[in-house]
Amino acid sequence: MTYGLLSTIYGLAQLIGSPIMGRLSDERGRKYVLLISFIGSCFGYLGLALSSNLWMLFLSRIPVGLVKQTVSVSKAYISDVSDEKARARNMGFLGTAMGLGFIIGPMVGGIMSQWGQDLPAYFAAFLFVIDSIFVVVFMQEPPGHRSKARTSNSIFNFDNIAAAMRTDLLRTMLLIQFMYSLGMTLFRSNFSVFAQYQFGLTPRENGFIMSYVGLLDVLTSTFAIGFLTRRFSEHLLIYSSIIFSSFCYMALSMTTTISQFYVLLCPFVLSSSIIKTCMASSITKIVRRDEIGMTLGVSDSLDSLSRVIGPTLGGLMMEYFGTSSPLLLSGILTLSLGVFVRSTLHSAARSAVSL
């Protein structure tokens, strides 16, 4: 329950910070906001390493949640430097980099924790310092964005957010984003408990599973995303992957051996990677270029809202309905989402085209 509350606090901080930092990246530049994100995250992880009691641990997650918006700003940067045809493929490469982090990070953290539980947090803070130096020395503001930076209104002008929500298609896409993220969070936030009770796995073995998921994500992002987006529309890929994911959730909930679980993770990671990448790419194509950072921030804010609800809801379901219940609920939610997408996404797209 404590882990669920910790995830909820982090999600609440991101819920507040995502649209603000996204708006700030539109107004002041992607480089500026990435630097703030890395420096703020460095201090947050130092606070985590120095935590000596529970309230300090909870407090350390707030600054990280508020300013660590590196993924959404990186996607906005990719949107600035990519044409529409190459955007999904290039975002897939961002997924490759993140997947490599998920492969290496759990293993390195598990090894370091043998010499101290606070050592992984210190090392994470050090890496954020390196990231900050890299941004200052090597990163250039996108040419088309550079001239627009530092010219506009307050980042707290939420009328801009309301204006960006003007199309049915964008509102539909953001609703899809939230519902899918909620299903994913129900699974991920309670995975370690599920693995422990279902298969008797240790934290070290859980780390190996996360590295395996990272490897699958790397392979999907590197080889599958570009191949599929060249041949099929992003909306078709989103719909088919949502349906596929729903059956994967239900099948994962019924596994009785760890080998079955490993096999089913392959199609599950493939479908989830396609959804994440195609959703982000599609959203950036709906709004104006000077609204991309803010809109991706709103999208990440909805992800954060799912992380506020998901851990606590999943923990309660495990307590009262069994360890497999969050996976079953994820499957039901995602299948219902697939029905919704089938009936609304194409009509919303046609309405947007007619405007």
Side-chain angles (χ1 to χ4, degrees), residues 14 18-19 21-22 25-26 29-31 33-34 37 68-103 131 135 139-145 164 169-170 173-174 176-178 180-181 184 213-242 244-245 268-304 345 349:
Q14 285 216 311
S18 292
M21 295 294 281
S25 78
D26 288 331
R30 315 299 186 203
K31 179 177 180 177
V33 173
L34 278 174
S37 294
K68 186 176 173 290
Q69 311 299 332
T70 53
V71 175
S72 62
V73 178
S74 296
K75 289 176 181 177
Y77 188 94
I78 289 172
S79 297
D80 290 337
V81 299
S82 305
D83 59 41
E84 291 194 359
K85 290 183 178 179
R87 195 169 296 173
R89 182 197 64 192
N90 292 341
M91 287 189 179
F93 292 145
L94 175 63
T96 299
M98 293 171 60
L100 286 171
F102 280 115
I103 294 172
D131 287 333
V135 167
M139 186 176 177
Q140 298 294 323
E141 198 67 51
H145 186 82
L169 180 56
L170 180 56
M173 296 293 283
L174 291 175
I176 294 168
Q177 176 85 16
F178 170 69
Y180 185 78
S181 296
M184 179 67 75
V213 169
L215 176 61
L216 294 176
D217 207 14
V218 166
L219 294 174
T220 299
S221 300
T222 305
F223 301 108
I225 298 295
F227 175 83
L228 291 170
T229 53
R230 285 194 300 269
R231 288 161 176 78
F232 305 100
S233 72
E234 290 178 355
H235 288 179
L236 176 61
L237 289 171
I238 290 169
Y239 167 67
S240 56
S241 296
I242 285 174
F244 204 52
S245 291
F268 175 74
V269 173
L270 172 64
S271 58
S272 63
S273 295
I274 291 170
I275 292 169
K276 288 184 298 182
T277 305
C278 289
M279 284 293 300
S281 176
S282 295
I283 287 172
T284 63
K285 296 172 184 177
I286 299 170
V287 298
R288 299 197 310 262
R289 184 172 289 273
D290 62 348
E291 295 173 340
I292 287 176
M294 178 185 62
T295 307
L296 288 174
V298 172
S299 174
D300 272 17
S301 186
L302 293 174
D303 281 345
S304 302
L345 188 57

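Just so you know, residue 1 is the first one in the sequence shown, and it goes up from there. Being a predicted model, the structure only gives us computed values, none of them experimental.
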- prompt: Can you list the steps and then say if L302 with S181 is a side chain to side chain contact (heavy atoms under 4.5 Å, CB included)?
  reply: CA-CA 8 Å; L302 293 174; S181 296; over 6 Å; no

message: Out of the candidates I238, L174, L237, only one should pair with M279 under the side chain to side chain contact (heavy atoms under 4.5 Å, CB included) rule; please name it.
response: I238

[X] side chain vs [Y] backbone, donor-acceptor pair below 3.5 Å:
X: S271; Y: F268; value: yes
X: E141; Y: K31; value: yes
X: S245; Y: S241; value: yes
X: Q14; Y: K68; value: yes
X: S25; Y: G22; value: yes

Give me the atom names and distance for the closest heavy-atom approach of [X] to [Y].
X: F223; Y: F227; result: O-CB, 3.5 Å
X: V218; Y: L100; result: CG2-N, 3.2 Å
X: M91; Y: T277; result: CB-CG2, 3.9 Å
X: G293; Y: A76; result: CA-CB, 4.1 Å

Within-4.5 Å side-chain heavy-atom neighbours: [X] and [Y]:
X: I242; Y: I176; value: yes
X: L296; Y: T284; value: yes
X: Q177; Y: V298; value: no
X: L94; Y: K75; value: yes
X: L270; Y: L216; value: no

Distance in Å, [X] [atom1] paired with [Y] [atom2], rounded so as to fall on 0.5 Å steps:
X: K276; Y: I274; atom1: NZ; atom2: CD1; value: 11.0 Å
X: N90; Y: I225; atom1: CG; atom2: CD1; value: 12.0 Å
X: M139; Y: R30; atom1: CE; atom2: CZ; value: 9.0 Å
X: M21; Y: S301; atom1: CE; atom2: OG; value: 13.0 Å
X: I292; Y: S299; atom1: CD1; atom2: OG; value: 12.5 Å
X: R87; Y: T229; atom1: CZ; atom2: OG1; value: 12.5 Å

query: Does the pair E234 and K285 meet the rule for a side chain to side chain contact (heavy atoms under 4.5 Å, CB included), with working shown?
result: CA-CA 11 Å; E234 290 178 355; K285 296 172 184 177; 2.9 Å; yes

field: Any residue meeting side-chain contact (heavy atoms from CB on, under 4.5 Å) with S273, in chain and number order, not counting sequence neighbours
entry: D217, T220, V269

query: When you look at S37 and T70, which way does the side chain to side chain donor-acceptor pair (under 3.5 Å) test go after all the steps?
result: CA-CA 6 Å; S37 294; T70 53; over 6 Å; no

- prompt: S79: what forms a side-chain hydrogen bond (donor to acceptor under 3.5 Å, both in side chains) with it, not counting sequence neighbours?
  reply: none

query: So does F244 have more than 12 non-hydrogen atoms from other groups sitting under 6.0 Å from CZ?
result: no

